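Structure first, then comments.
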Protein chains: 2
Amino acid sequence: MQILNYQPNAAARGLAAGRTRILGLVIPMGVAYLFSDPYFPRLIQGISRACNQHDYSTMLWLAEPEYEHRTIQQIVSAAMIDGVIIASVLTDDAVIEAVYSRRIPFVLVGRHPVHSDIKYVDVDNRLSARDAVLHLLRLGYKRVATIAGPLNMVGRLDRLAGYTDALKARGLVSDANLIAEGDFTEESGYRAMQQLLPQAPDAIFIASDTMALGALRALREAGKRVPDDIAVVAYDDMPFAARTEPPLTTVRQPIHRAGFVAAETLMDLINERDGKPRRVILPTKLVIRESCGAHRAAEKRMHTRR
Amino acid sequence: MQILNYQPNAAARGLAAGRTRILGLVIPMGVAYLFSDPYFPRLIQGISRACNQHDYSTMLWLAEPEYEHRTIQQIVSAAMIDGVIIASVLTDDAVIEAVYSRRIPFVLVGRHPVHSDIKYVDVDNRLSARDAVLHLLRLGYKRVATIAGPLNMVGRLDRLAGYTDALKARGLVSDANLIAEGDFTEESGYRAMQQLLPQAPDAIFIASDTMALGALRALREAGKRVPDDIAVVAYDDMPFAARTEPPLTTVRQPIHRAGFVAAETLMDLINERDGKPRRVILPTKLVIRESCGAHRAAEKRMHTRR
DNA sequence: CTGAAAGCGCTTACAG
DNA sequence: CTGAAAGCGCTTACAG
């Protein structure tokens, strides 16, 4: 049975059927260095898994700013892809505007700041950040600083808002001197921490584990002990977060799952099975380890009781 | 001029022209955890850059073992892609066999262990590993251990061979007790180091920076100082290698460039501009920092001279 | 229910 | 050199 070796011609099939079973994935590289953060590999793995299961393929575009126009051309190029996933929403994103106005099926990973009718998959960045900071406040810390992510990214703005929410909830007002901006690299966390140290914070919420790595390095160099001199809570729960010194208390978010769900949501959209909700908010969880001092605080309480 | 908004139909063009201007990229996931190593993101960035410059697009397949058959089907599916880049050569790779036997244009990142006529881009893993280990031996270390990568990967076998070469070059014989195998994760480096410690090595060559991270952690926990008690040389020169404690002496390899060159080589192959050589070996460089003790050794010599 | 035919939207070889 | 026509290899609506 030589027929077993037959491979249909994908281009012909795409032309005739009007669909290619290819999903596009666009990663804005306005922030190219970000790509080495383990976030994107895990997201891609989730998307790829869904594609494997549903017999789709993935087209990858790293949208470098200097080629943005070309990337958009390719995405909106008819009959190349059936739809597109856009990861990591920038507050001003030409790619989103292009696919939105041309009515190309697409799903965001991260909520859109303006168009509320866009389908997206996300975590509740604001609420989870609020809870993380409240955790610190409840432990009794008074001067809680934060290192935010690049503020042109929607999710990072939300985390910063969550930080402010938490302060407000405890009747505190946020102090601009306690807020530094990083760009998600280890190096930027290092610099931001050095910048904050003179303000003598007794705790800090850092918007990513990778930046926390840099912050821990800065603290070590400055001779500060974590959590005794300053408590740290981070975000992501990357694999390495359990192995820093001390291990990081951090907000776990299901990145792999976000990719998977985004891909399935897009497939439904393409096939007009509009069962999936417009927004999918995935659960997060504050993973408590050593860096926040909660264990130490619990110990103290025990000693006090005796 | 409304004609400016015209977008040619990619499927129709592909059918008519017999080429799609799409390159496939296959990352074997027999080693899925590997994907979080910064290696692949940087490789993808290089490939993506070349595609942007030459007006190609990239199709990404993470070839999970359970979907290997399907992935192969997609790759060899006519008129989907013009050619394929296969990253990270496993010693037994069904994907490579499939594209090889079907005469689909392809380029490997990493040399092939059997078919020497296959085009590839690589570094000289063996020679660079040899030089790294010779560096340690020249500094006077006597018991040089190694943590190898997964031995089903060709490049990692080559690095192990380089380790043995160096020992031989100094009239030493390799001791199986001084060789441990990791899987490129931080965790595996940690465990491999713990396993090697009872053998009392005074230096170690580790096949990746990520594993070195784990090894440094194991050494710290065991109370060993680097490089005083044990010297460390790693491989990759990832961004974080300059910021470990102590900073890593490590072999720098141009990953981004490897991706870029692989993509351009494939484009030439597709267009039958057979100008590019069959094999491209990119240069490596031993970057000397604190972990090997070379600086300390130099200092000592200075003191002795006085 | 089955099967031959039209048509998807391009590229390219070829007639003029 | 220019332009109309054939053909790429499928899917699908439609005639039988």
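To find a chain, count down the sequence lines: A is the first, B the second, and so on, and within it residues start at 1. Quantities reported herein were computed from a predicted structural model and do not represent experimental measurements.
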Exercise. What is the minimum heavy-atom distance between B/Ile22 and B/Met59, and which atoms define it?
Worked result: CG2-CB, 3.9 Å
Seminar exercise, completed: What one should report as the nearest heavy-atom pair of A/Gly149 and A/Phe184 is CA-CE1, 3.3 Å
Exercise. Going by atom types alone, do B/Asp117 and B/Tyr100 pair a side-chain donor with an acceptor below 3.5 Å?
Worked result: yes
Problem set entry | Rounded C1' spacing from C/dC10 to D/dA13 in Å | 22 Å
For this session: Locate the shortest heavy-atom distance separating A/Cys51 from A/Thr58; write the atom from each residue and the value.
Result: SG-OG1, 3.4 Å
Problem set entry | Lys/Arg N to Asp/Glu carboxylate O, B/Asp55 vs A/Arg70, below 4.0 Å | yes
Problem set entry | Range on DNA chain D touched by chain B - first to last nucleotide, heavy-atom distance under 4.0 Å | D/dG7 to D/dG9
For this session: By nearest nucleotide on DNA chain D, pick out whichever of A/Ala16 and B/Ala17 is the more 5' one.
Result: B/Ala17
Problem set entry | 5'-to-3' dot-bracket of DNA chain C (Watson-Crick, G-U; under 3.5 angstrom; crossing pairs as [ ]; | other strand) | |||.||||||||.|||
Problem set entry | Residue among A/Ile85, A/Ile281, A/Ile86, A/Val280 satisfying side chain to side chain contact (heavy atoms under 4.5 Å, CB included) with A/Tyr120 | A/Ile281
For this session: May I ask you to decide whether B/Asp122 forms a salt bridge with B/Arg111, counting only side-chain N to carboxylate O separations under 4.0 Å?
Result: no
Seminar exercise, completed: When every non-hydrogen atom of B/Pro38 is compared with those of B/Phe240, the smallest separation belongs to CG-CE2, 4.3 Å
